[in-house]
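Here the structure is a predicted model, which is why all the values come from computation and not from measurement. Residue numbers run from 1 in the order of the sequence given.
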Amino acid sequence: MKLYNECFDGVGKILKSHCVKKFEANSPSKWKSSDKNQIVFLNDTAYELGSGTLPAVSSVAFTDKEEYVPCDEILLIGDDLCDIKANSPFARIALIRVNENEMGTGEKLYQTIRKIEYARYHINPEGYMMRISAFTHREAARVSKKAIKNGISFSDIGKLFIEEYKKQPQVEAVKLLFVTAKDFPYDELETIMQKSENITTALDHIMKDIKMDCQTCSLKAVCEEVEALCEKDFK
């Protein structure tokens, strides 16, 4: 499954040039997650991640290569949740290793990818209110004063995400990257991961045989690349 290799290579290159903290990811999260969406009111808020005009990058990419995602990992570039004192830029990237044989082909492949992506809508950590825009691919969060007092961390949040992603039988391992550093190249990361969304959208177009004016479509080059890779990987 080579469709997203460029995204993995791009993120890997960025990681090599920054100080990365690694958290243990094999034990269950100790942080409670609710069945309902979390509501954190402004007067209960310690700070916001990715609010307003601050960067708020969120995306996911898939691979079947163990060398890209050898095991479950939680990575952080920047300050952890209890060390942040004011509104901060934010990025959360999920790099997911899947069993290619379980992903399916055609329409099933696209639906499986989207189902794994949508796992994020089922995660509601106490005191951590996520605001997700599927249209702009932004993911912001509001963190409560009580959660800070109780010692919330990206380790806790990351484990909840990994647990939810791995409820899908196709998912074998998840590398989860959080970023809060002010000097991080968020624009570069967003450009790299936009390719992931373009690939998934192009895959949907191809599999559904959508009739489009390809000469004027911005996804023409991506569709052609995806179509060639699909022939190689799935034919």
Side-chain angles (χ1 to χ4, degrees), residues 11 14 18 20-23 25 28-61 72-96 116-167 174-187 189-190 192-194 196-197:
V11 172
I14 288 180
H18 287 80
V20 180
K21 304 171 188 175
K22 296 185 179 182
F23 298 106
S29 176
K30 297 179 181 178
W31 202 259
K32 292 182 179 180
S33 182
S34 172
D35 293 331
K36 299 179 181 179
N37 292 335
Q38 286 291 292
I39 301 295
V40 178
F41 295 105
L42 194 57
N43 61 341
D44 297 323
T45 299
Y47 56 80
E48 294 183 334
L49 301 173
S51 63
T53 59
L54 290 171
V57 182
S58 176
S59 192
V60 59
D72 293 335
E73 287 185 290
I74 301 169
L75 310 178
L76 171 63
I77 298 175
D79 290 332
D80 205 343
L81 292 170
C82 283
D83 299 319
I84 298 172
K85 306 302 180 185
N87 292 352
S88 170
F90 183 57
R92 185 189 66 81
I93 304 297
L95 304 175
I96 299 178
I116 295 172
E117 283 184 341
Y118 292 163
R120 62 181 178 169
Y121 294 105
H122 303 296
I123 302 166
N124 301 291
E126 288 192 355
Y128 186 92
M129 182 178 78
M130 288 184 286
R131 292 181 288 179
I132 300 170
S133 170
F135 181 72
T136 62
H137 313 300
R138 287 177 60 89
E139 180 177 304
R142 180 176 286 181
V143 185
S144 74
K145 297 173 183 176
K146 183 178 180 181
I148 296 297
K149 184 178 180 180
N150 290 336
I152 189 172
S153 74
F154 280 121
S155 174
D156 299 315
I157 304 301
K159 288 177 182 178
L160 290 175
F161 270 98
I162 291 174
E163 289 167 13
E164 192 64 36
Y165 282 128
K166 294 187 79 173
K167 287 180 181 179
V174 181
K175 179 183 290 187
L176 207 58
L177 170 64
F178 294 100
V179 186
T180 61
K182 293 180 180 179
D183 60 349
F184 186 82
Y186 291 94
D187 289 347
L189 179 64
E190 186 172 17
I192 291 170
M193 297 310 298
Q194 181 60 45
S196 173
E197 181 57 33

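Interatomic distance, CG of Asp72 versus CD1 of Ile96, reported as 10.5 Å (0.5 Å rounding). For the atom pair CZ (Phe23) and CG (Leu76), the distance works out to 5.0 Å, reported to the nearest 0.5 Å.
Applying the salt bridge (charged side-chain N to carboxylate O under 4.0 Å, His left out) test to every pair with at least one member in residues 149-164, sequence neighbours left out, gives these pairs: Glu24-Lys159, Glu164-Lys167.
Nearest heavy-atom pair across Leu54 and Arg138 is O-NH2, 3.0 Å.
With contacts defined as side-chain heavy-atom distances shorter than 4.5 Å, the pair Lys36/Asn124 does not qualify. The closest side-chain heavy-atom distance from Val179 to Val57 is not below 4.5 Å. Using a 4.5 Å heavy-atom cutoff, the side chains of Lys146 and Asp44 are not in contact. Contact check for Ile14 versus Ile192: side-chain heavy atoms found under the 4.5 Å cut-off. The shortest side-chain heavy-atom distance between Ser153 and Lys30 does not fall under the 4.5 Å cut-off. Taking 4.5 Å as the limit, every side-chain heavy atom of Asn150 sits out of range of all side-chain heavy atoms of Glu126. Using a 4.5 Å cut-off on side-chain heavy atoms (C-beta onward), Arg120 and Ser58 make contact.
Shown here is Lys21, whose NZ atom has more than 12 heavy atoms of other residues, nucleotides or ligands within 6.0 Å. Counting non-hydrogen atoms of other residues, nucleotides and ligands closer than 6.0 Å to CG of Asn43 gives a total above 12.
Between the Arg131 side chain and the Arg142 main chain, no donor and acceptor come within less than 3.5 Å of each other. Tyr128 contributes no side-chain N or O that, together with a main-chain N or O of Ser33, makes up a donor-acceptor pair within less than 3.5 Å.
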Quick one: side chains of residues 86-93, donor-acceptor pairs under 3.5 Å with protein atoms, not counting sequence neighbours, listed by atom name and distance.
unit_1 : atom_1 : unit_2 : atom_2 : d
Asn87  : OD1    : Glu48  : N      : 2.8
Ser88  : OG     : Thr180 : O      : 3.2
Arg92  : NE     : Glu139 : OE1    : 3.3
Arg92  : NE     : Glu139 : OE2    : 2.7
Arg92  : NH1    : Tyr165 : OH     : 3.3
Arg92  : NH2    : Glu139 : OE1    : 3.0

